[in-house]
Amino acid sequence: MPEEAGFPPGKRFRPGAGPLRRAGSCPHGRRMVMLLTAGGGGGGGGGGRRQQPPLAQPSVSPYREAVELQRRSLPIFQARGQLLAQLRNLDSAVLLGETGSGKTTQIPQYLYEGGIGRQAIIAVTQPRRVAAISLATRVSDEKRTELGKLVGYTVRFDDVTSEDTKIKFLTDGMLLREAISDSLLRKYSCVILDEAHERTIHTDVLFGVVKAAQKRRKELGKLPLKVIVMSATMDVDLFSQYFSGAPVLYLEGRQHPIQIFYTKQPQHDYLHAALVSVFQIHQEAPSSQDILVFLTGQEEIEAMSKTCRDIAKHLPDGCPSMLVLPLYASLPYAQQLRVFQGAPKGCRKVIISTNIAETSITITGIKYVVDTGMVKAKKYNPDSGLEVLAVQRVSKTQAWQRTGRAGREDSGICYRLYTEDEFEKFEKMTVPEIQRCNLASVMLQLLAMKVPNVLTFDFMSKPSPDHVQAAIAQLELLGALENKDGQLTLTPIGRKMAAFPLEPKFAKTILLSPKFHCTEEVLTIISLLSVDSVLYNPPSRRDEVQAVRKKFISSEGDHITLLNIYRAFKNTGGNKDWCKENFVHSKNMMLVAEVRSQLRDICLKMSMPILSSRGDTESVRRCLAHSLFMSTAELQPDGSYATTDTHQPVAIHPSSVLFHCKPACVVYTELLFTNKCYMRDLCVVDAEWLYEAAPDFFRRKLRASRN
DNA sequence: GAGCACTGC
């Protein structure tokens, strides 16, 4: 039995109000409009219902009345008049709304009902597909209209809108893609950027795009573009400043109070501390109260789940039983769904999760949150082009987000497995994604939008010049850029690359494929590479997996192996039983087919000939060598590998079919630093093909490695 | 020699 974790008496906080209240009393010298101060009340509001299945179309009037009553019971309803008066006259506004305020479902309706933005479409962006879909469903329901008429949504592979659509929910990435064909966003009268505090790379680029569109439309005397930035956290100064001091409207939500406990001492072993906390809660709290634990990754979560189950078996009589549920993105869907089911009476649910439960998945009934304060996240080093995946401290905003997961239906309790002093030293905000990613895609999209100067683009949080330069250099290598009168512009190839919803190097692979008569094969391979792995590897059945997979393995590498798997899948007519027998994720495989058909359509629109190499895998590998030549590694005399360009020591990832092989020269699709620098998805190539592909590049780079 | 946080077009 684990010993006491030793928490001092807790303080009472309202997680929303904790950081929020400070801002309320300290308006940062800008205009802060307090719209609502009375929180509380029953019923669930709009923004918080993401994970619920879309509601059925209402058909009976008592239901309609209930919907209307529910709308009126939302805290935001009392501020409706004030809100409309404000928004009517503003070009830009920042709306700070706590979770449960109903801002996402209500604001677009208020605008529409108030006749604001009716001349065109009101767009509401979301970082996630499920959110866009379920919000559109919810709002069309409230408006008593059929989904896709007045209210609709657009996400990749799924456009449920019509000529009548006036309120449109869409993913931020989708609106960005639309901006490539119309950078003034002429279809829209109003763009609402929701969940802005998440600072996804797409939302961040959109900030710049809508700001430029707003300005340009004004200059041209066109329909004004209203921009509303919605955020659930306090860091709204940046948003307000960026939109020339746009006023901040504040909406109180419906969060319940949460007690927060810090540890007395720093915890050196956060896993042990988490374990102790779980069982401490388990022995004290009623069994109906569920626990959510935040850890960093699959391996950790599976190990902790097993330990919890083992300990739970040997608890004294009278202790409730425990249902331990791991939760992470690569967990098969059916197992993810288990976290939404209620535990049997007298049994406590303990959900052990990655940060997927911070934003993407909302679980009802959580009373306790155990926050280790750790997260696994990607960092990017523009010098080396290396992506590093590392366990690190969360930011304060992230910690607040986790805490808030305890107070969604009722008051809650959060155990923070770090001291208050440690918490004070956390970074204020998570570094926005745009400063942590390879920017090649972003730069290609901005160039496709004909942004006057991508090097000085008005980002809200600017990536470093090195970072931008690295992306430009990569696009140059791919032949996407040319310099016209001192101005960077896209080449015809570059323009075509931007049409694909892919990383630039993958788009280039497809565009090169006709030259090698292998477009059919390349479309398949690129589709497989651009979704989550279709290979399912349950650790307990490793021998079985290996035996089954043997028949697909190609000595030419992972790309050809993946191609073999896809072909076998297609030959069986794509059935689920085949997937199960062969340890293939059927959901991901279905997605591959969808992606492939989308990419194929884009090729057809460009009048690309779509040919098959008919079993000639060498031409496929040549095509990969010609497009991925900047990502190559060579075998060294001592049996290790080093990248061709920077001589970075690298290793073959254990998931590769080439793990036990020693090919002389490979191209890889990704380099990832975890414990070591690993190459993922390798293809055996001939060094001569690489010279052919990029003689200049290799004259410079290969000489050193040959000497 | 041994492993992958989360989204999205």
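A note on names: the letters A, B, ... follow the listed sequences, proteins ahead of strands, and every chain is numbered from 1. No experiment lies behind these values; they were computed from the predicted model shown.
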Report which part of the nucleic acid A:N675 touches: base, sugar-phosphate, or nothing (heavy-atom distance under 4.0 Å, all strands).
-> sugar-phosphate
The answer to which of A:P654 and A:E503 contacts DNA chain B further toward the 5' end, by nearest nucleotide, is A:P654
ask   = Under 5.5 Å between ring centres and under 30° between planes: true for A:F659 and the base of B:dG1?
value = yes
For the rings on A:Y380 and A:H467, is their centre-to-centre separation under 6.0 Å? yes
Any side-chain N or O of A:T171 less than 4.0 Å from the OP1 or OP2 oxygen of B:dC9? yes
A:E387 CD to B:dC6 C1', in whole Å, measures 13 Å
- Message: So, OP1 or OP2 of B:dC6: does either fall under 4.0 Å of a side-chain N or O from A:R128?
- Response: no
From CZ of A:F294 across to C1' of B:dA5 the rounded distance in Å is 13 Å
Atom CG of A:L176 and atom C1' of B:dT7 are separated, to the nearest Å, by 14 Å
Practice item. Determine the interplanar angle of the A:F239 and A:F207 rings, folded into 0 to 90°, and report it as parallel if under 30°, tilted if 30 to 60°, perpendicular if over 60°. Key: tilted
| said: Less than 4.0 angstrom between a side-chain N/O of A:Y678 and OP1 or OP2 of B:dC4, yes or no? | reply: no
Legend entry - N or O in side chain of A:H653 less than 4.0 angstrom from B:dC4 OP1/OP2: yes
OP1 or OP2 of B:dG3 sitting under 4.0 Å from any side-chain N/O of A:N537?
no
When rounded to whole Å, the CE to P distance for the pair A:M679 and B:dG3 reads 15 Å
From the list A:R405, A:R402, A:Q398, side chain to side chain donor-acceptor pair (under 3.5 Å) with A:D371 holds only for A:R402
>> Counting only side-chain nitrogens and oxygens, does A:T354 get under 4.0 Å of the OP1 or OP2 atom of B:dC6?
In response: yes
May I ask you to say what A:A651 touches in the nucleic acid, namely base, sugar-phosphate or nothing, with a heavy-atom cut-off under 4.0 Å?
-> nothing
Exercise. For the side chain of A:N588 and the backbone of A:S533, is there at least one donor-acceptor N/O pair under 3.5 Å apart?
Worked result: yes
Atom CZ of A:R680 and atom C1' of B:dA2 are separated, to the nearest Å, by 14 Å
A:K676 atom NZ is separated from B:dA2 atom P, nearest whole Å, by 5 Å
May I ask you to check whether A:Y418 and A:F426 place their ring centers less than 6.0 Å from one another?
yes
>> Taking 4.0 Å as the cut-off, does a side-chain nitrogen or oxygen of A:S330 come that near to OP1 or OP2 on B:dC4?
In response: no
- Tell me what A:I356 touches on the nucleic acid: a base, only sugar-phosphate, or nothing, going by heavy atoms under 4.0 Å. sugar-phosphate
Checking all strands, does A:V391 fall into the base, sugar-phosphate, or nothing category for heavy-atom contacts under 4.0 angstrom?
-> nothing
A:K378 atom NZ is separated from B:dC6 atom C1', nearest whole Å, by 9 Å
